[in-house]
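The analysis underlying the following values was restricted to heavy atoms, covering all of them including side chains, and did not include hydrogens, waters or symmetry mates. The structure displayed is predicted, hence computed values, not measured ones.
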Amino acid sequence: MSMTVQTLSSGWSFKDRDSSEWLPVPTVPSVVQQDLIANNKLDDPYLGFKELDARWANEKSWVYRTVLERPNAPAGSTIALVFDGLDTFAKVKLDDHIILESDNMFLGHRVDITKALSADGEHVLEVEFDCALLKARELRAQDPKHKWVGFNGDPARMAVRKAQYHWGWDWGPVLMTAGIWRAVRLEVYNARVADLWPQVRLAEDHQTAEVTAVVDVDGLVDSDFTIQFALSLKGKEIASQNISVSGKTTQVTFRVNFPDLWWPNGYGEQTLYEVSASLFHGGQKVDHESKKFGIRTAEVVQQPDKYGKSFFFRINGRDIFCGGSCWIPADSLLPAVSAERYHSRGPKSSADLFSVWGGGIYEDDAFYEACDELGVLVWQDFMFGCGNYPTWPEMLESVRRETTYNLRRMRHHPSIVLYAGNNEDYQVAESEGLTYDYEDKDPESWLKTDFPARYIYEKLLPEVVAEHSPTTFYHPGSPWGDGKISSDTTVGDMHQWNVWHGTQEKHQIFDTLGGRFNSEFGMEAFPHISTIDYFVERPEDKFPQSHVIDFHNKADGHERRLATYLVENLRSATDLEVVQAETMMFGYRGWRRQWGDERHCGGALLWQLNDCWPTISWAIVDYFLNPKPAYYAVKRVLNPIAVAVRREHHDWSVAHAQPPKSSRYEVWIASNSFEPLQGKVELRFISINTGDDIRSPIVRDGITIVPNGTTDIVDGVIDHVAEPEPHVLAARLWVGDKIVARDVDWPQPFKYLDLSDRQLHVQPTSEHENEEILGVSARKPVKCLVFEEQDGVRLEDNAVDIVPGDEQTIKVTGRGSKPLKYRYLGQESCQIVA
């Protein structure tokens, strides 16, 4: 018989375990907060202070129930109940008999219920969810000798294999979800394809590749079973083979000549092959599975050099500078995230690497599929974040099963290039003085120390990765570098938080603070005004320092940190997004330049791309998918070819606001191209007050742009005594007859500059169907011209700097008759495009 699947998404009801009132569940997957909202038992916890009103649900236990009827199941077939995810302490009963108990949110489950459904008629299926918050505290109390230390949330969270951010983080609410958070279904089969694993071996010359498809079969398999393997490219079959099944595992190897390779975004095509396995019995197809994969090699290059030891990615033999972002879960109520939301959130940016953070979840298949299609590399943390985790035998076994389950689910994706054991757990050990002797290589001794989780990161996880995804690089943690302190700039990756946190350095010197790979750095900014309008319910609370806005900013001490960077740089709190954009630009621009210096810096990942609720945070795209100005600043600085101009930083605070007598400046080009290009660079010196050129431009033509590196163009000195008028340095880069990049360096800080009366002109120049082109020009230099983000309106660029004599165009899609507001730094109120 062919395998049949019955999705169990409807017909459920739920209740508080201590109540007798059953309420309808609109659909499964869901979590209890969604179902309470649907039944008018809970207000939206994302509004105002209503997160506090929702916390009663955190301390409850819940029961979900539905009624099953025995599906059509021929004699000898198996009926399996399949859960892709239960959150978290779940006891599953069928007709009041316990058939499954789970305490790990990250595991899927398959239960044979053939005998349990042997009788016709209705069968009651119940899933009881014990309160994870209270259960965690019970587990913590059972091990008082363990040092329960960590950053963010209740330390008891570390006792539970549940998304750690549910306990609250410095960007997220305390929402302890419970429920059937991923799909549930009935499967009926005699035999099925339990797993399909495409393994790729690419020859060094890239002229041939071997694709080995490995299939695990589940069920009663006899000599009449065969598997038809097929390999396809762009919908066309290029190879196939029939194999008789013998045992539980069957495989075939295809040779591919002149394979089309999979490349990261900006470096080549994202070619995906597809392998399929059709299981036949006596000539009848009984099951089918297919997976898309890419042919590519991926390695992390760690070699001694003049700076210490490198850390960068090499894909298909090519060195790749990774400019990207850290990814947190896209919602606090995870079933609310659709496949479309994954595609529309981050991967369409110019980023070429995402770090999936260890305090969240192993993401949905749709996330990795989007990254595969769009060429975004994935740095995948295992789910340990900012804590000292216990290592009870039951915990270790649960982690082993969790890791195996998720690796088997994720390992075919070409986007995944690194697994990291944890996020900042080594930093916790370091800050709390826990025992970590890198020279001690005895894993059993690690379990007896006050940092036992080292056993997970340096023994258990690498063993499981070696077994189930052996060609993917494993990194013990982030940050981590050969057992050295986390702030070591010579080896491994580092989290640079001395801008915002720590010593609160000036963001203008970010590039001097980095290491070999800067896997976290960030700056806060407010979300879009429409997002603020959503969660701020009273008009009188719509000001930057209001109580409700402070409540939605979960970062400790955020008031002082925001005030520091605001007062140092700006006149108005409403312009704070400019600081975030500038911070990201200064970091990425400088670190990308270091890529050309013997791979001094291998990449940078900003914290963070996205939000899980409407909040004030480090995200560059807010909860409702509205990009902040920093999003566009990052996109420009990470363009495949970018020109950069910078004058040396003058620390006004140390100099007691005395202006510098002179400033050095420099211009360079960063290129991702694997081939040398010819270009021309122009550097202008333009008065901020008048818009006039204060000296003749510098032009360098016939430049050979260094491939996959940095090309220094010009440097010089500004004499502020001879040229006291404040001015910008405006650089443009041509390749052929096309301007491919711009950069504008401004005197710092902005608060000292008069940026009013810029004589800006915004005029639609053409319109075609749903698309229009805006022409933008100015008589005086303009800083951070921002067009308001709106639903359904897409801006090709935004938050741009405009200088006289260089009109720019911005493509706008989907505006129609909607008014388009805009403002720039120094402008008191928004203007509207005619």
>> Distance alone, cut at 3.5 Å: any donor-acceptor contact between the side chains of D44 and Y534?
In response: yes

>> Does N798 form a side chain to side chain donor-acceptor pair (under 3.5 Å) with Y631? I'd like the steps, not just the answer.
In response: CA-CA 9 Å; N798 205 355; Y631 173 91; over 6 Å; no

> Looking only at heavy atoms, what is the nearest atom pair of W618 and D170, with distance?
Replying inline: CZ3-O, 3.4 Å

> What do you reckon, are the aromatic ring centroids of H552 and Y46 less than 6.0 Å apart?
Replying inline: no

>> Would H507 and W500 count as a ring pair (Phe, Tyr, Trp, His ring centres under 6.0 Å) here? Give the steps.
In response: CA-CA 9 Å; H507 68 265; W500 181 268; over 10 Å; no

>> If you define the side chain from C-beta out and look only at heavy atoms, does anything of R140 sit under 4.5 Å from P155?
In response: yes

> Is there a donor-acceptor pair under 3.5 Å between the side chain of W167 and the backbone N or O of A156?
Replying inline: no

> With distance as the sole criterion, is a donor-acceptor pair present between the side chains of E402 and N104 under 3.5 Å?
Replying inline: yes

> Is there a side chain to side chain donor-acceptor pair (under 3.5 Å) between E524 and N553 once you walk through the steps?
Replying inline: CA-CA 10 Å; E524 278 203 350; N553 190 331; 2.8 Å; yes

> Under 4.5 Å between any side-chain heavy atoms of L570 and V579, yes or no?
Replying inline: yes

> So do the side chains of D364 and V337 get within less than 4.5 Å of each other, counting heavy atoms only?
Replying inline: no

>> Tell me if a side-chain donor or acceptor on R758 pairs with a main-chain N or O of G826 at a distance below 3.5 Å.
In response: no

>> I need the single residue from F367, Y362, W357 that forms a ring-ring contact (aromatic ring centres under 6.0 Å, His included) with W327. Which is it?
In response: F367

> Within 45 degrees of the axis of the six-membered ring of F551 and under 6.0 Å from its centre: does K554 put its NZ or CZ there?
Replying inline: yes

>> Run the salt bridge (Lys or Arg N to Asp or Glu O under 4.0 Å) test on R182 and D87 for me, step by step, so that the C-alpha distance in whole Å, both residues' side-chain angles and the decisive distance to 0.1 Å come before the verdict.
In response: CA-CA 9 Å; R182 280 182 168 158; D87 180 12; over 6 Å; no

> Should we say atom NZ of K15 is surrounded by more than 12 heavy atoms from elsewhere, each under 6.0 Å from it?
Replying inline: yes

>> One thing to verify: whether K751 and D575 come together as a salt bridge, which I'm taking to mean a side-chain N less than 4.0 angstrom from a carboxylate O.
In response: no

>> Ignoring hydrogens, what is the shortest heavy-atom contact between L513 and Q496? Give both atom names and the distance.
In response: O-NE2, 2.5 Å

> Would D103 and K135 count as a salt bridge (Lys or Arg N to Asp or Glu O under 4.0 Å) if you check the C-alpha gap in whole Å, the side-chain angles of each, and the deciding distance to 0.1 Å?
Replying inline: CA-CA 10 Å; D103 58 2; K135 187 68 175 176; over 6 Å; no

> D797 and R636: salt bridge (Lys or Arg N to Asp or Glu O under 4.0 Å), yes or no, with the steps?
Replying inline: CA-CA 9 Å; D797 202 359; R636 284 191 295 272; 2.7 Å; yes

> E582 versus M523: any side-chain heavy-atom pair under 4.5 Å?
Replying inline: no

>> Which residue is it: F521, F586, Y588? I am looking for the one with a ring-ring contact (aromatic ring centres under 6.0 Å, His included) to F510.
In response: F521

> Cationic tip of R17 within the cone over W62's six-membered ring, i.e. under 6.0 Å and within 45° of the normal?
Replying inline: no

> Between R157 and Y165, does any side-chain donor sit less than 3.5 Å from a side-chain acceptor?
Replying inline: no

>> Restricting to non-hydrogen atoms, name the atom on V160 and the atom on A136 that form the minimum distance, rounded to 0.1 Å.
In response: CG2-CB, 3.4 Å

> Taking C-beta and beyond as the side chain, do I361 and L334 meet within less than 4.5 Å on heavy atoms?
Replying inline: yes

> Can you find a heavy atom in the side chain of N626 that is under 4.5 Å from one in the side chain of S530?
Replying inline: yes

>> Testing L795, L820, N770 one by one against R815 for a side chain to side chain contact (heavy atoms under 4.5 Å, CB included), which residue passes?
In response: L820

> Just checking, is any N or O donor in the side chain of T503 or E505 under 3.5 Å from an acceptor N or O on the other one?
Replying inline: yes

> Does the pair E537/K50 count as a salt bridge with the N-to-O cut at 4.0 Å?
Replying inline: yes

> F89 and F129: aromatic ring centres closer than 6.0 Å?
Replying inline: no

> Charged N to carboxylate O under 4.0 angstrom, D541 versus R538?
Replying inline: yes

> Got Y623 and P527 here, is their nearest side-chain heavy-atom distance under 4.5 Å?
Replying inline: no

> Can a donor-acceptor pair be found between the side chains of E424 and H495 at a distance below 3.5 Å?
Replying inline: yes

> Do Y342 and E363 have a side chain donor and acceptor closer than 3.5 Å?
Replying inline: yes

> If we ignore angles and hydrogens, is there a donor and acceptor under 3.5 Å between the side chains of N58 and W56?
Replying inline: no

> H109 and F83: aromatic ring centres closer than 6.0 Å?
Replying inline: no

> Any side-chain heavy-atom pair from F106 and N406 closer than 4.5 angstrom?
Replying inline: yes

> If we ignore angles and hydrogens, is there a donor and acceptor under 3.5 Å between the side chains of W746 and D801?
Replying inline: yes

>> Check this for me, if you would: do D533 and K542 make a salt bridge, where the nitrogen-to-carboxylate-oxygen distance has to be below 4.0 angstrom?
In response: yes

